[in-house]
Number of protein chains: 2
Amino acid sequence: MSATIRDVAQAAGVSPATVSRVLNGKVEVAEELSRRVREQVELLGYRPNGLARSLRMRATQVLGVVISDVTNPFFTSMVRGIEDQAQQAGYSVVLANSDEDLDKERRYLEVAAAEQMAGVVLSPSSSRRTDVSVLQRHGIPVVTVDRQLHATPVDSILIDNHLMARLATEHLLAQGCRRIAFVSGPRATTTGQRRLAGYRAALRAAGSTVDDDLVKRANFRVEGGYQATLELLDRRRRPDGLLVSNNLMALGALLALQEREIDLPAELAFASFDGISWARALRPTLTVVEQPTYEIGRQAAELLLERITSPDGIHPRKVVLSAELRVGESSLRRG
Amino acid sequence: MSATIRDVAQAAGVSPATVSRVLNGKVEVAEELSRRVREQVELLGYRPNGLARSLRMRATQVLGVVISDVTNPFFTSMVRGIEDQAQQAGYSVVLANSDEDLDKERRYLEVAAAEQMAGVVLSPSSSRRTDVSVLQRHGIPVVTVDRQLHATPVDSILIDNHLMARLATEHLLAQGCRRIAFVSGPRATTTGQRRLAGYRAALRAAGSTVDDDLVKRANFRVEGGYQATLELLDRRRRPDGLLVSNNLMALGALLALQEREIDLPAELAFASFDGISWARALRPTLTVVEQPTYEIGRQAAELLLERITSPDGIHPRKVVLSAELRVGESSLRRG
DNA sequence: GTGAAAGCGCTAACAT
DNA sequence: ATGTTAGCGCTTTCAC
């Protein structure tokens, strides 16, 4: 069908080995031969067969990305960062959806191992029960993003979730909120854990009592945020502040607030983690903890590629990027 | 590292070919040998090397899915359908984002060809300018979903966009709307074209004049729908009905309507194509043209797998699935 | 610096 | 029905 390395070699009057050397540029090849090879590559439209290459090299040029929700802009923006960095290094990127489901996650990690992917970027469904040993047995490096693994030491890129939750809560307190409710993520994720802890820390530090009736857990999805918020609003004494721990749940929360016709920020000051690009269109503008999602992805890929090219087990790195509390109208009380 | 087919063969006391035959089940193998082979496969934890298999078979077990927006639930639900069907047949699925960008799309189609993917599900960015010849040259079958290609005859799965747009428009007319605005998709896509045509046909059939001032084109994204709707609302005479031709733009439209404090359905009757799962939470409930997205994906994969296994060029099929106009409160005028 | 040859793990054609 | 053999397209020793 299409041209192989032999065809190019023959046409250029050299051996396949030489063509390979020219194309991979690791070894010096005489100027003249090199020129002839490139000429024929162009002429024949030769494209190396990645499969054969990978079979021989015992590793593909593919990075796997296993995330919990492809429909979440937070993750897709991250994926862009990964893609860009990977492409530069000649790798391609394959996406898989774990749906916060340990079974699905395990299956995809097995696929990654079976397909001999060069590395995996993972946003683990559970800090304790996600199992990356399949990959480690095959010598496939892993980097976690957004979340961490408890027992297993692997590279990770994330923000200081505890700090940012504390800052957001402190901001709401400073706006005069006395009863700040919190919509938390799944208990199993480190983001769920750390953000809740940060919220509590801020309340304690301010001398407020931490009222567990004001905390609801949900699943990081729109419906979850919607339900949780409705329940919080129906508490005997209504909260006057609300912090939501991800973007999709924040959207759900806004729907619930709208349904109950609650005025932001007058009746309730609102803040959440992670923006959504089009949310800028909303009025009031939203107060959000903004993560450098693209950069998280880019650095994850960078770290992963480093591990791939030099697997000499350096100590696992944990990279903490800085996030930003962007204050909008939804939490700002005049006066 | 991990066990190969030779290891299994040796352990079971048979030849590699026999192991292959047992595993692929195309040829009869004696009960006894088959048992021994399976036993050793289990024991050694043998996993076939897909790379080697693909290299030998001259085709991977991977389907490519090239869509314009991974963040759109419409497409992701479709991808689920594709994945489920593909997995049943032992294929895995790789996603790529074309962003409605012809260049990106072309690059991904080239990747699909270079990686020798078994087939491609494509939602073409442009009915005329999208070029699938790269795939055809490599004998890789293509199925388009949601949209069609003009010149190139390939299989396609979609709904009757003209009909559904007409029905939705007729519904708005029946609710007493006299000035129905339309937010259309990109001119280059068949969905953009057909839905607009259906809208116009309904107006003409009702004896209404078609006022091009009431039609805005946008890019199928939230921002686009938001901008387009704002402009439509600022027309000298405000529309009293609005049909939006996809889900994300509908979300943008709703934001715009909210910003202008327009009451649905009293001041304006609202309908759109494609639901969003969490939109059920919205009040008023929305009137939508609901597509069988999962089924579109499933059938696309089914058709593709058929082409892959028997490439004897039967005439390209066009499968038209039925959609449904689900009437909600957003367009229902009492009395 | 370059070519010949071996082999990555698998399947298919050919023998038996 | 099963085994032997060759080869998919590439990289990489090993000679020269």
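A, B, ... follow the sequence lines: proteins, then strands. Residue 1 opens every chain.
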What are the residues of residues 21-28 of chain B, sorted by number, that bring a heavy atom to within less than 4.0 Å of DNA chain C?
B:R21, B:N24
Of the listed nucleotides D:dT2, C:dT2, C:dG9, the one nearest the side chain of A:L33:
C:dT2
Ranking D:dC8, C:dT11, C:dT2 by distance to the side chain of A:A30, first place goes to C:dT2
Side chain of B:R53, heavy atoms from C-beta onward: which of C:dT11, C:dT2, D:dT11 has the nearest atom to it?
C:dT11
Regarding the side chain of B:A52, the nearest nucleotide among C:dG9, D:dC10, D:dC8 is C:dG9
Hey, does the side chain of B:R56 come within less than 4.0 Å of D:dG9's phosphate (OP1/OP2), counting only N and O?
no
For A:Q291, what residues pass the side chain to side chain contact (heavy atoms under 4.5 Å, CB included) criterion, not counting sequence neighbours?
A:F74, A:D146, A:I159, A:R195, A:D274, A:T293, A:I296
With no hydrogens and no angle check, is any side-chain donor or acceptor of A:E83 less than 3.5 Å from a backbone partner on A:V93?
no
Under 4.0 angstrom between B:T18 side-chain N/O and D:dG3 OP1 or OP2
yes
Check the side chains of A:N72 and A:T76 for a donor-acceptor pair under 3.5 angstrom, ignoring hydrogens and angles.
no
Ion pair present between A:R35 and A:E39, side-chain N to carboxylate O less than 4.0 angstrom?
yes
Closest to the B:T4 side chain, choosing from D:dG9, D:dT12, C:dC10:
C:dC10
Taking the side chain of B:P48 as its heavy atoms from C-beta onward, which of C:dT11, D:dG9, C:dC10 lies nearest to it?
C:dC10
Shortest side-chain distance from A:A17, nucleotide among C:dG3, D:dG9, C:dT2:
C:dG3
For A:R80, is there an ion pair with B:D99 - N to carboxylate O distance below 4.0 angstrom?
yes
